[in-house]
Novice: 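For reference, the structure I am asking about is given below.
Only this structure's heavy atoms are used, side chains among them; waters, hydrogens and symmetry mates stay out.
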Amino acid sequence: MMMQRPLPPEEYSLKETSPHLGGVIAKGDKLTSTYDLVEQMQYLYVRVVKARDLPAKDITGSCDPYVEIKLGNYKGTTPHFEKKTNPEWNQVFAFSKDRIQASVIEVTVKDKDFVKDDFIGRVSFDLTEVPKRVPPDSPLAPQWYRLEDKKGDKAKGELMLAVWMGTQADEAFPEAWHSDAAAVPSEGLASIRSKVYLSPKLWYVRVNIIEAQDLLVSDKDRYPEVLVKAVLGNQALRTRVSPSRNLNPMWNEDLLFVAAEPFEEHLVLSVEDRVGPNKDEVLGKVAIPLQNVERRLDYRAVNTKWYNLERHVVIAEGDQKKETTKFLSRIHLRICLDGGYHVLDESTHYSSDLRPTAKQLWKSSIGVLEVGILTSQGLLPMKTKDGKGTTDAYCVAKYGQKWIRTRTIIDCFSKWNEQYTWEVFDPCTVVTVGVFDNCHLQGGDKATGTKDSRIGKVRIRLSTLETDRVYTHSYPLLVLHPSGVKKMGEVQLAVRFTCSSLLNMLYIYSQPLLPKMHYLHPLSVTQLDNLRHQATQIVSMRLGRAEPPLRKEVVEYMIDVDSHMWSMRKSKANFFRIMGVLGGLIAVSRWFDQVRKWKNPLTTVLIHVLFIILVLYPELILPTAFLYLFLIGIWYYRWRPRQPPHMDTRLSHAESVHPDELDEEFDTFPTSRPPDIVRMRYDRLRSVAGRIQTVVGDLATQGERLQSLLSWRDPRATALFLTFCLIAAIVLYVTPFRVVALVAGIYALRHPRFRHKLPSAPLNFFRTLPARTDSML
């Protein structure tokens with residue numbers, strides 16, 4: 001496998017840009033007009049409403065009319081109606097002013113025919129006379145126009161339409177047919193328009209299975225092994241086998257599920273008797289609609305309820321057998337929808353919403369996030385069309401429950417210039433913008449197996465943004481391939497975070513990140529992982545059923561479904577991140593070691609003076625420490641980051657990763673590689689895990705040695721330590737603390753000529769203490 005040649009570091013970094021936002025060159029200026037984070041794009045809009053009194057063109061005495069709008073080389077058509085002389089289309093067409101190469105627009109009504117479409121009439125407009133409309137002006141009212149024949153004379157029939165010049169801020173823009181989509185079939189137009197989606201409202205469903213009564217088992221000579229199986233959609237959980245092996249079993253066990261409004265599936269509980277290995281006999285079932293389940297906002301007790309268990313049984317009536325539902329027994333349950341939790345469906349590191357499910361617990365918003373998706377540059381071809389590489393790009397942005405999808409730009413330089421707004425409830429959240437290639441234009445959903453290709457994504461944490469400042473940057477789109485990290489192009493964004501109340505935002509920093517229920521009654525890590533997996537499946541399924549669908553591969557890429565998978569590259573990156581965090585402590589210890597060794601006598605003398613002052617005036621210790629931190633922070637203000645953080649290929653170890661490690665990262669689960677490669681990777685994993693095991697063991701050994709000081713595991717060592725503690729207590733009692741601190745500090749800072757190269761006696765004593773390593777197999 002060939003490694004891709006890495007690009008220069010500057011190709012992976014952000015670039016500040018100066019686009020004309022709302023006609024103003026943006027350089028962090030405060031822009032206040034609406035739709036001001038994008039460049040204004042002029043469009044010629046044509047709204048075709050309906051026609052009346054059209055002449056008959058067919059032998060049947062009717063016509064199959066449709067409208068054709070022609071502007072230079074661009075042509076758009078409406079669907080046709082069969083045998084209708086008064087059709088209604090109500091369709092909008094948009095032509096980019098930058099590409100208009102004509103002075104007249106023609107709107108022609110034609111009759112659909114098998115061989116050649118018949119001409120009915122047309123209306124022409126001179127572009128110099130088309131009125132301009134600037135939002136938020138009132139919409140231009142359509143009016144009736146008399147059709148003309150090819151010679152310019154009046155023809156039979158009238159057409160109601162409106163023609164005007166506007167911008168992308170016009171309310172007709174999202175649903176309009178664009179001239180860029182001229183090559184797209186009419187059935188694929190819905191998949192290229194801009195859309196706004198909302199994530200389904202997710203709830204945790206808590207099922208407390210208490211007991212069952214009067215069960216009927218087939219074999220009464222054995223003790224039943226009864227368990228309960230609960231199914232909600234594609235989620236299935238089981239209780240343990242009841243410890244009371246009789247016909248009235250008890251469990252008192254909680255099961256947790258994820259459900260989305262509107263609730264479509266019933267919660268199905270079945271009581272089963274384990275009669276043999278992998279063989280369970282159903283003793284009864286009950287289906288519970290979630291619409292009737294109680295909702296709670298806190299951890300208050302929920303009323304229990306008895307439910308009847310039923311089972312389909314076959315009853316013989318003469319020579320015939322009849323299947324009927326028979327009441328068998330009862331089950332005691334406590335079911336509720338927990339609205340005090342936030343249902344995690346995103347990666348916890350990149351969450352965009354942390355509010356609880358119940359709307360009653362929401363707090364007021366603290367500001368507004370505005371994102372202008374401007375243009376893309378240098379996008380690599382993602383597919384081949386007519387023998388040449390092309391890309392039909394669109395953007396998806398997610399923040400909170402709101403997803404947006406821009407229109408798809410067909411086979412050209414991607415210039416969206418679309419602006420979207422979100423309410424912000426917590427500044428410590430992340431907005432994600434992804435760029436994709438639309439692979440469903442030709443054939444739509446009929447293109448089985450085709451997935452929209454990922455081009456790259458951008459994450460921006462709101463807390464890193466200054467309020468009321470417009471950030472305009474070009475972000476590199478980076479994707480990790482089996483051949484290495486690859487730059488797929490760049491996307492240009494304009495971002496502004498507006499704060500409505502600074503005090504409210506600062507107050508948020510003192511509040512827990514998650515709702516209170518996560519801390520008062522926490523869920524286990526295993527539960528959260530399983531529930532997050534179910535939540536992501538529900539979100540991707542619901543958004544995939546929208547029209548047009550936001551497809552599963554897009555949703556999973558945006559919310560990082562596979563972020564938990566093992567990767568040698570990520571493990572290395574996280575190790576060096578830890579080393580980077582500890583680097584500050586290591587640097588301080590090295591500096592102090594140089595002070596102790598008198599590498600710089602002037603510095604050591606100053607440290608002596610400072611130390612003596614702090615010992616003589618201990619009330620200055622904490623003020624001095626905080627003042628020192630304050631001065632460090634002020635000093636670093638000069639080098640504060642001026643750009644939002646972005647994906648760092650060096651931090652991610654994406655540039656220097658080994659090809660086999662990349663192949664392992666992109667392997668399927670379970671693996672699809674040959675046994676010899678799997679064996680090699682397993683041996684490598686054992687080697688890495690062995691080193692980690694050694695480090696963890698060393699840390700455990702040091703902790704156990706501390707415990708053994710008082711455990712009498714080594715009686716002589718414990719006796720020596722207790723004797724030292726007694727003497728130290730007496731000495732410290734009669735000696736002023738300032739004297740002790742002064743002597744200890746001067747001893748630690750003594751000159752190297754008074755030091756020994758051998759380890760000190762306390763260190764030698766600590767290293768001789770026993771640990772539980774001796775008891776390990």
Side-chain angles (χ1 to χ4, degrees), residues 38-39 41 43 45 74-77 91-96 98-99 167-170 172-197 371-386 388-398 403-420 432-447 450-458 475 477 479 488-493 543-544 546-555 557-558:
V38 293
E39 298 182 25
M41 300 174 66
Y43 285 91
Y45 289 97
Y74 292 105
K75 182 170 63 175
T77 58
Q91 187 172 346
V92 180
F93 297 81
F95 299 87
S96 176
D98 295 340
R99 302 183 181 182
T167 67
Q168 73 271 38
D170 201 295
F173 180 81
E175 297 297 328
W177 174 94
H178 291 269
S179 55
D180 298 335
V184 180
S186 58
E187 63 269 16
L189 288 177
S191 66
I192 68 170
R193 291 172 176 158
S194 57
K195 290 290 180 181
V196 177
Y197 306 84
V371 177
I373 303 174
L374 304 179
T375 64
S376 65
Q377 295 178 346
L379 295 184
L380 297 182
M382 302 300 294
K383 56 181 177 286
T384 303
K385 186 188 299 181
D386 299 330
K388 65 175 183 177
T390 183
T391 298
D392 304 324
Y394 67 92
C395 285
V396 174
K398 184 209 184 300
W403 299 65
I404 66 93
R405 170 178 173 162
T406 67
R407 69 190 190 282
T408 301
I409 306 298
I410 308 299
D411 191 20
C412 65
F413 176 76
S414 300
K415 196 171 184 179
W416 294 286
N417 280 311
E418 297 182 25
Q419 183 173 338
Y420 298 93
T432 305
V433 181
V435 184
F436 301 87
D437 175 46
N438 195 331
C439 299
H440 294 79
L441 298 183
Q442 306 298 329
D445 291 335
K446 299 177 183 179
T450 304
K451 294 184 178 181
D452 287 354
S453 303
R454 56 182 68 172
I455 300 178
K457 64 183 171 185
V458 176
Y475 294 81
L477 298 171
V479 174
M488 309 296 291
E490 295 180 357
V491 61
Q492 188 176 356
L493 304 177
L543 293 179
E547 185 58 42
L550 199 59
R551 303 186 183 277
K552 182 179 180 181
E553 63 271 16
V554 174
V555 175
Y557 181 59
M558 293 291 291

Novice: At what distance, to the nearest 0.5 angstrom, does OG1 of T406 lie from CZ of F436?
Specialist: 10.5 Å
Novice: Are any side-chain N or O atoms of Q168 and backbone N or O atoms of Q419, one a donor and one an acceptor, separated by less than 3.5 Å?
Specialist: no
Novice: Quick check on side-chain hydrogen bond (donor to acceptor under 3.5 Å, both in side chains): which of D437, T391, T390 does K383 satisfy it with?
Specialist: D437
Novice: Which residue is it: F93, F173, W416? I am looking for the one with a ring-ring contact (aromatic ring centres under 6.0 Å, His included) to H178.
Specialist: F173
Novice: Could you report the tightest heavy-atom contact between L374 and V38, atom names first, then the distance?
Specialist: CD2-CA, 3.5 Å
Novice: Would you say C395 and Y420 make side-chain contact, with heavy atoms under 4.5 Å?
Specialist: no
Novice: Quick one: are V479 and I455 in side-chain contact, heavy atoms under 4.5 Å?
Specialist: no
Novice: Could you measure the distance from the CZ atom of F95 to the CH2 atom of W177? Nearest 0.5 Å is fine.
Specialist: 5.0 Å
Novice: Are any non-hydrogen side-chain atoms of Y197 and P549 less than 4.5 angstrom apart?
Specialist: no
Novice: Taking only residues two or more places apart in sequence or in another chain, which ones pass side-chain contact (heavy atoms from CB on, under 4.5 Å) with T432?
Specialist: V430, K457, R459, M558
Novice: For the atom pair OH (Y394) and NZ (K195), what is the distance rounded to the nearest 0.5 Å?
Specialist: 14.5 Å
Novice: If you define the side chain from C-beta out and look only at heavy atoms, does anything of K415 sit under 4.5 Å from I409?
Specialist: no
Novice: Measure the CD-OG1 distance between E39 and T167 for me, rounded to the nearest 0.5 Å.
Specialist: 13.0 Å
Novice: To the nearest 0.5 Å, what is the distance between NZ on K552 and NZ on K451?
Specialist: 7.5 Å
Novice: Hey, does M488 have a side-chain heavy atom less than 4.5 Å from the side chain of R454?
Specialist: no
Novice: Measure from the side-chain N and O atoms of E553 to the backbone N and O of D452, and report whether any donor-acceptor pair falls under 3.5 Å.
Specialist: yes
Novice: Has the side chain of E175 got a donor or acceptor atom that lies under 3.5 Å from a matching backbone atom of V92?
Specialist: no
Novice: Could you check whether any side-chain heavy atom of Y43 comes within less than 4.5 Å of a side-chain heavy atom of D170, counting everything from C-beta outward?
Specialist: no
Novice: Report the distance from atom CZ of R405 to atom CD1 of I373, rounding to the nearest 0.5 Å.
Specialist: 12.5 Å
Novice: So, do I404 and V371 sit near enough that their side-chain heavy atoms are less than 4.5 Å apart?
Specialist: no
